[in-house]
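Just below is one structure, and these are the notes that go with it.
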There are 2 protein chains.
Amino acid sequence: MSIHLGVDVVIFTVHKSALKVLLTRRAKPPFKGRMAIPGRSIRADETLERAAMRELREETGARHVYLEQLYSFDDPHDKRGRTVTVAYYALVPGNGAAPSPSNGSGLEWRRADRLPPLAFDQRQIVDYALERLRNKLEYTTVGFQLLPRKFTLPELQAVYETILGKKLDKRNFRKKMDLLGILKPLREYRRTGRKPARLYSFVPKKFEKLKDKGILFPF
Amino acid sequence: MSIHLGVDVVIFTVHKSALKVLLTRRAKPPFKGRMAIPGRSIRADETLERAAMRELREETGARHVYLEQLYSFDDPHDKRGRTVTVAYYALVPGNGAAPSPSNGSGLEWRRADRLPPLAFDQRQIVDYALERLRNKLEYTTVGFQLLPRKFTLPELQAVYETILGKKLDKRNFRKKMDLLGILKPLREYRRTGRKPARLYSFVPKKFEKLKDKGILFPF
DNA sequence: ACAAAAGTGTTAGAATTACACCCATGG
DNA sequence: CCATGGGTGTAATTCTAACACTTTTGT
């Protein structure tokens, strides 16, 4: 009796001011017909991260996206036998660069705040990923990973509000971003709604300097 | 060719105002003679946490101590073949209730800031554990896990200073602890040094209430 | 001309930091 | 009696949070 080792990937995106998770519908028992987060077995010749990356790529086509290991779960109730799952979460840019839509492959983007029942003990995995994401939002730049390279301040704020689940004050939000100095205002405007909004890009180099000085995000 | 699954446990304590890590000396190759963090294989009939707990218990005799999963590491250079290590870290109370000393079993407490070369890629595991410990110190009660049930404020402050690697202001430290209201002053004093210091105990119930309100540690 | 979303500063309150002296004990 | 470490409060500064109106565009 050996231990089966796999990776599961909680893939997030933001779409229309809602945080979404990519789910697949299981074709085989156990939990046939239920939704599940994408996962695969680890082959002996690939690293954990590589396995997670391949799974992510195969399901979304996304490349160069944020991917971070979450936690390793035991699933004592797994009916397939003894299984250890190394969970990852990934952030794929939403909005402008729309994530690959629900094609016929059984893949669906579902709102993170209205999840259907999931296979195995995967609900705790998604919950844990959400918690991690919320925490990291406050002291890292994960927020930018959910947006295309060029974005507007209202879009950025919407990402923060969506993940934190609360409204933020527009002026305070902008003031802090301005103070951090990690955004480069572009000479372009996006005229999507009413008044056109200025586009910005994220400047990772500036953020690195802040980290060195111990300055953190204040949200 | 299958994947070998194991747990490693970074066991911390505080002793004489220094943060220490429990290391063993390897008896077998590879890395024979080098220091390593305690670890073991996972048996198919035990959970990850249980395996870590057993390892911790066997090496230190400690029971009911803080144990938290850290991260799962791939060790691509492992000469024993493909290995995945689920790393945990544990906090055993120091000071009063002295941790089991270096007996003849090849176990040694080593200062976390002066580690010898370690087997495999274990240095990154210890570094990661240190980072996690430092971060958690600021918004959880891990600090109390490194002390016996009754402790003095200077002892508590020493734990914080040791882990954070910097001096804290005595008055501000006490003011914050007082403000949090999670310490119960006892009617006992420890007359270890000069002037006897008052003993306190940690009140977990009070801390839970703070968490619910979103109030965090301010260090 | 009006509805909708973008943009812009100031002020009060809260939290953080800096700082110096007295007290109890053991030697 | 003196050296050592325990114990205590206040003031300046910084950070956070609350708050309302003008601008630009599409309809």
Side-chain angles (χ1 to χ4, degrees), chain A residues 14 16-18 95-96 137-139 147 150-162 164-201 210 213-219, chain B residues 14 16-18 95-96 137-139 147-148 150-162 164-201 210-211 213-219:
Chain A
V14 168
K16 292 187 188 161
S17 294
N95 293 7
L137 195 67
E138 302 183 12
Y139 62 97
L147 289 170
K150 299 175 180 182
F151 52 85
T152 67
L153 283 175
E155 284 166 354
L156 182 62
Q157 185 175 343
V159 168
Y160 274 77
E161 291 178 341
T162 297
L164 295 176
K166 65 181 182 194
K167 290 271 170 227
L168 297 175
D169 182 276
K170 206 197 319 184
R171 280 174 288 189
N172 292 337
F173 183 84
R174 293 160 105 97
K175 196 190 319 168
K176 285 168 189 169
M177 282 298 163
D178 184 51
L179 194 68
L180 291 169
I182 55 179
L183 297 185
K184 185 166 81 187
L186 306 176
R187 294 193 166 285
E188 299 171 67
Y189 294 80
R190 174 171 297 157
R191 49 202 158 288
T192 166
R194 301 296 175 148
K195 179 173 175 178
R198 182 158 207 164
L199 288 169
Y200 291 79
S201 66
L210 291 179
K213 290 185 205 157
I215 298 172
L216 296 178
F217 274 67
F219 293 104
Chain B
V14 168
K16 291 186 187 163
S17 295
N95 293 7
L137 195 67
E138 302 183 11
Y139 62 96
L147 289 171
K150 299 175 180 181
F151 53 85
T152 68
L153 282 175
E155 283 166 354
L156 182 63
Q157 185 175 344
V159 167
Y160 274 77
E161 291 178 342
T162 297
L164 296 176
K166 66 180 182 195
K167 290 269 170 230
L168 298 174
D169 182 277
K170 208 199 312 187
R171 280 175 288 191
N172 293 338
F173 183 84
R174 295 161 104 98
K175 195 189 320 168
K176 285 168 189 171
M177 282 297 164
D178 184 51
L179 194 68
L180 291 169
I182 55 178
L183 296 185
K184 184 165 82 189
L186 306 175
R187 293 194 167 282
E188 299 171 66
Y189 293 80
R190 174 170 297 157
R191 49 201 157 288
T192 166
R194 301 296 174 152
K195 179 173 175 178
R198 182 159 208 164
L199 288 169
Y200 291 79
S201 66
L210 292 180
K211 261 203 310 190
K213 291 186 205 155
I215 299 172
L216 297 178
F217 273 68
F219 295 103

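Just so we're on the same page: letters track the sequence lines, and every chain starts at 1.
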### Query
Separation of Lys176(A) atom NZ from dT8(C) atom P, in whole Å?
17 Å
### Task
Can you measure from CG (Asp178(A)) to CZ (Arg171(A)) and round to the nearest 0.5 angstrom?
15.0 Å
### Message
Rounded to whole Å, how long is the line connecting atom CE of Met177(B) with atom C1' of dG9(D)?
### Response
19 Å
#### Entry: Nucleotide of dG6(D), dC19(D), dC19(C) approaching Arg174(B) most closely (side-chain heavy atoms)
dG6(D)
### Task
Would you please name every residue forming a salt bridge (charged side-chain N to carboxylate O under 4.0 Å, His left out) with Lys150(A), sequence neighbours left out?
Glu188(A)
### Query
Taking N and O atoms by type only, does the side chain of Lys175(A) place a donor or acceptor under 3.5 Å from a partner on the base of dT16(D)?
no
### Query
Who pairs with Lys175(A) by side chain to side chain donor-acceptor pair (under 3.5 Å), at least two apart in sequence or on another chain?
Asn172(A)
### Task
With sequence neighbours left out, write down each residue that passes side-chain contact (heavy atoms from CB on, under 4.5 Å) with Arg198(A), or none if nothing qualifies.
Pro185(A), Tyr189(A), Tyr200(A)
### Task
Calculate the interatomic distance between Asp169(B) atom CG and dA20(C) atom P; express it in whole Å.
11 Å
Close N/O contacts between protein and nucleotides 20-24 of chain D (under 3.5 Å):
residue	atom	partner	partner atom	Å
dA20(D)	N1	Arg171(A)	NH1	3.2
dT23(D)	O2	Lys195(A)	NZ	3.2

### Query
Given atom CG of Asn172(B) and atom C1' of dT10(D), what is their separation to the nearest angstrom?
11 Å
### Query
What residues, two or more places apart in sequence or in another chain, satisfy side chain to side chain donor-acceptor pair (under 3.5 Å) together with Lys184(A)?
none
### Message
Return the CZ to CG distance between Arg174(B) and Leu156(B), rounded to the nearest 0.5 Å.
### Response
10.0 Å
### Task
Quickly work out the Leu179(B) CG to dG9(D) C1' distance and round it to whole Å.
15 Å
### Message
In this structure, how many angstroms lie between the P atom of dT16(D) and the CG atom of Leu180(A), rounded?
### Response
10 Å
